[in-house]
Amino acid sequence: MDQAIKISGLQKSYGNTAVLEDFELSVPSGNIFGLIGPNGAGKSTLIGILTGLLDYDGGQIVINGRELNEQNEQNIKRQIASVLQPPLLFEHFTSHDFLHYICDIYNIDMQDRQQKMDSMLEYLGLSEFKHAKINKLSAGSRKKLSFCAAILSQPKILFLDEPFESIDVISIGRMKTILNRLQEKGVTTIITSHILEIVENLCDDIAILHNQKIIAYLDSETRKELQKDSSLSEIFESYVEVEKPKNDVLKWL
Amino acid sequence: MFKKLIEYNWKVFRQSLTGTKIAVFIIYGLSLALIFSQIISTVYLIITLQNTQLSEMFKWYTPQRGRFILLVFANLLWLSQFFFTNIRLMKLKENRKLLTWGYPVRKLSQYLTLLTFLHPMNLLFNLSWLILLIFQFGSTYYLPIALGIMILNFSLIFSAKFRVLTVIKNYQKWLLALFLTVLVVASAMVESLFSSTLFTHFESYIPQLNKILVVLPGGLIASAHMVLKPLLAQIMALFFCGAVILLLHRDHTFNTQQSLQILSSQSTANTKTGWFRSWLCSQTGNHAGKYLYYVITHPYNKIQALLFVVFPILYVPYMVSRMEELGTSKFLVLFFFMYAPMGFQLMFLGNMFGYEHRELLKSIQFPEGLEHQLRERFLGALIIPLTLLVIISGAEVIILMDVENMLSIVLGNILIFEAFLLIFLWSTFNQFVEVEWVSFSFTQPVISQSVAVTISLLMFLFSAIIYIPYGSYEEFKQIGMLVLIAISSFCIYQYIDNIEQLFTSKITPDLWTRL
């Protein structure tokens with residue numbers, strides 16, 4: 001199977017603190033890939049590096065067959081899109097202007113962009129906020145708008161950092177439908193989330209990131225085996241060996 | 001509780017201090033001290049002139065004229081106070097956090113309102129009034145009534161300014177049109193006004209003018225001593241002041257409480273400035289267009305831009321017509337001429353990377369070279385100030401017809417422009433993190449008063465050094481300026497050349513950690 005992303009020997013540190021050390025990961029093309037791990041494991045840093053926002057100290061990253069370097073950077077950026085936490089939006093634009101701007105940047109055909117924009121906004125319940133300034137939108141609407149912008153840029157790889165946080169149940173369902181449609185078209189999606197139930201239902205392969213490394217890679221076959229007896233949450237806890245608190249530590253409570 | 005609030009705000013302030021900020025505060029403090037000493041010495045001079053013995057020394061001095069000078073000064077002082085009074089509350093965002101820890105909202109609002117009185121600019125004007133009033137009353141025995149008048153005046157200004165700003169915010173377009181109309185009429189009349197017979201027969205107008213000036217706010221304060229010397233009048237006035245101050249304080253506290261408790265809510269209100277953004281983007285490119293759209297549509301910047309234009313339009317024609325009398329102060333004309341391009345430079349370049357804060361991260365993700373994006377933004381920000389520089393240098397050559405000093409003037413303009421360009425570029429890298437979303441609100445401007453005052457003072461001093469003719473040493477001055485222009489041009493070139501590297505090494509990681 002083709003690899004959408006192949007990372008080998010990746011190093012990243014902030015000052016003297018290593019965040020990723022000899023990091024290795026391969027994400028198959030067309031996969032909805034879940035990346036889970038405790039707080040501070042380095043998930044967001046990894047997304048930051050892969051979306052070109054952060055430099056890294058060493059190693060190699062290959063995205064859709066091209067090595068991520070200065071020469072290929074723009075070509076790679078054209079193939080990827082992301083929804084970060086918190087979402088990056090142009091606060092003083094209206095939702096409509098923002099999506100237009102994104103379409104301009106990604107050279108989306110003028111003829112059908114309006115129809116695409118309107119249908120996305122309608123599907124995710126954002127039509128009434130079309131001409132409202134983004135800084136007046138609620139947290140959930142902002143997240144959905146960021147998702148719309150990412151989809152409209154027609155990416156081959158989609159990075160979603162905590163995409164379902166602050167979003168209502170109906171919209172989560174619709175976002176999942178969109179992600180499944182994109183998968184049918186061969187788009188690879190990488191999702192980081194702490195809501196393990198969603199990751200469990202939506203993702204094909206899942207990797208657990210802990211202590212600067214991938215400590216477990218669960219492809220769909222392995223998951224089926226493991227999840228016969230236990231939930232993803234229990235599997236996660238068994239891999240991430242967190243020191244259990246003493247029984248009487250909260251006795252004052 | 002009040003002590004704890006002060007301690008908390010002091011800690012917040014201390015943590016926000018950087019090397020640059022300390023320097024700005026020192027220059028700001030010096031500027032305020034300079035302004036204060038100017039006001040007090042003027043007050044002293046005006047009041048002392050009313051003394052009979054001194055006034056006998058000056059033949060032109062008559063009691064009517066003396067009173068006219070005092071009333072004009074008092075009203076100008078009041079107008080300046082209205083203009084510069086800082087109604088900004090201390091770190092609202094930080095103090096709002098105290099509410100979640102159980103700090104009572106009413107008490108917090110009251111204390112924050114009281115603390116606005118201690119803003120250096122507000123203290124400067126209030127102390128000036130206090131000193132003027134004590135001088136007028138002639139004894140410190142009248143201190144309580146002087147204090148009462150001073151606080152009442154401040155409270156009234158605070159309330160009025162808050163409402164005026166709200167009206168300006170709501171009726172910007174209409175007010176702008178009205179202001180421009182008045183401006184055009186005023187600038188057309190300014191020369192004829194000064195050369196007309198008005199000044200020849202000015203003496204006969206003074207009594208009538210005094211009657212008008214005395215009922216204006218400044219005139220009322222300056223004349224308070226005439227009616228408030230009797231003890232009974234003082235007691236009644238103090239009672240009146242106290243009651244009004246209490247009412248106004250309640251009003252201020254209520255406004256503060258609203259600001260503390262209201263957080264932005266979801267809104268579907270339509271905004272229709274998309275055509276303007278599209279036009280800017282089509283003319284200057286997507287990145288420059290977006291940045292220019294942000295700067296131009298910021299309400300504070302609209303007013304600021306208007307002032308940068310109004311100030312020279314009002315003063316320059318008058319000063320140009322008086323060039324002969326100005327002598328060595330001629331440099332003031334050149335200083336005022338440069339006010340507009342420098343003001344716009346401050347507005348457009350002062351916070352080139354901090355303006356949009358983490359939105360910049362979105363731009364970095366775009367499939368367009370970062371260097372291209374940053375250069376486009378930099379050149380876009382320069383368009384208006386640079387155009388103004390060219391127009392003004394050309395106008396100076398035509399209007400002043402000072403062939404002898406023409407080269408010096410043009411070189412001076414370029415040098416000032418480049419020197420401040422370097423300052424703004426430097427600050428845009430080192431101070432960008434200071435800008436937060438709250439900076440886009442009307443009462444929390446991106447460019448703070450301390451920075452604006454510091455820059456104005458620096459520009460004034462710089463102009464004095466550059467524009468004053470050096471006589472037989474003029475050639476050396478020109479060579480010196482040429483060398484400095486060459487050095488600053490090289491620095492600017494280096495900056496543009498390294499813009500991407502500077503950005504990725506400093507700004508992107510900082511923005512990321514603040515995400």
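The analysis underlying the following values was restricted to heavy atoms, covering all of them including side chains, and did not include hydrogens, waters or symmetry mates.
Not a single donor-acceptor pair under 3.5 Å links the side chain of Gln365(B) to the backbone N or O of Ser82(A).
Inter-residue side-chain proximity for Tyr14(A) and Pro509(B) is flagged as unmet; no heavy-atom pair is nearer than 4.5 Å. At least one side-chain heavy atom of Ile102(A) sits less than 4.5 Å from a side-chain heavy atom of Lys362(B).
Between the CD atom in Glu73(A) and the CD atom in Glu368(B) there is a gap of 12.5 Å [rounded to 0.5 Å]. Rounding to the nearest 0.5 Å gives a distance of 9.0 Å between OG1 of Thr51(A) and CG of Leu361(B). The CZ atom of Phe90(A) lies 4.0 Å from the NZ atom of Lys290(B); values are rounded to the nearest 0.5 Å. For the atom pair Ile105(A) CD1 and Ser363(B) OG, the distance stands at 7.5 Å (nearest 0.5 Å).
The aromatic ring centres of Phe93(A) and Tyr293(B) sit less than 6.0 Å apart.
For Glu70(A), the CD atom is loosely surrounded, since the number of other residues' heavy atoms within 6.0 Å does not exceed 12. The number of heavy-atom neighbours closer than 6.0 Å to CD of Gln283(B), taken from other residues, nucleotides and ligands shown, is above 12. Within a 6.0 Å radius of CD in Glu67(A), other residues, nucleotides and ligands contribute more than 12 heavy atoms. No more than 12 heavy atoms of other residues, nucleotides or ligands lie within 6.0 Å of CZ in Phe254(B), so this atom counts as exposed by the packing criterion.
In this structure, Lys77(A) forms no cation-pi arrangement with Phe366(B), as its terminal cationic atom is not both closer than 6.0 Å to the ring centre and no more than 45° off the ring axis.
Closest non-hydrogen pair, Gly48(A) versus Trp512(B), comes out as CA-CH2, 3.6 Å.
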Problem - Audit row: Asp97(A), Trp275(B), side chain to side chain contact (heavy atoms under 4.5 Å, CB included) steps and yes/no - result: CA-CA 9 Å; Asp97(A) 281 347; Trp275(B) 65 270; over 6 Å; no
Practice task
For Leu54(A) and Thr508(B), run side chain to side chain contact (heavy atoms under 4.5 Å, CB included): C-alpha distance rounded to whole Å, both residues' side-chain angles, the deciding distance at 0.1 Å, then the answer.
Solution key: CA-CA 7 Å; Leu54(A) 288 176; Thr508(B) 319; 5.5 Å; no
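The stretch residues 158-168 of chain A participates, sequence neighbours left out, in these side chain to side chain donor-acceptor pair (under 3.5 Å) pairs: Ser44(A)-Asp161(A), Gln85(A)-Glu165(A), Asp161(A)-Thr192(A), Glu162(A)-His194(A), Asp168(A)-Ser171(A).
Heavy-atom distances place the side chain of His100(A), and not its backbone, under 4.5 Å from chain B. Of the atoms belonging to Ile76(A), not a single heavy atom falls under 4.5 Å from chain B.
Near-neighbour residues of residues 32-42 of chain A relative to chain B, defined by a heavy atom under 4.5 Å from a heavy atom of that chain, are none.
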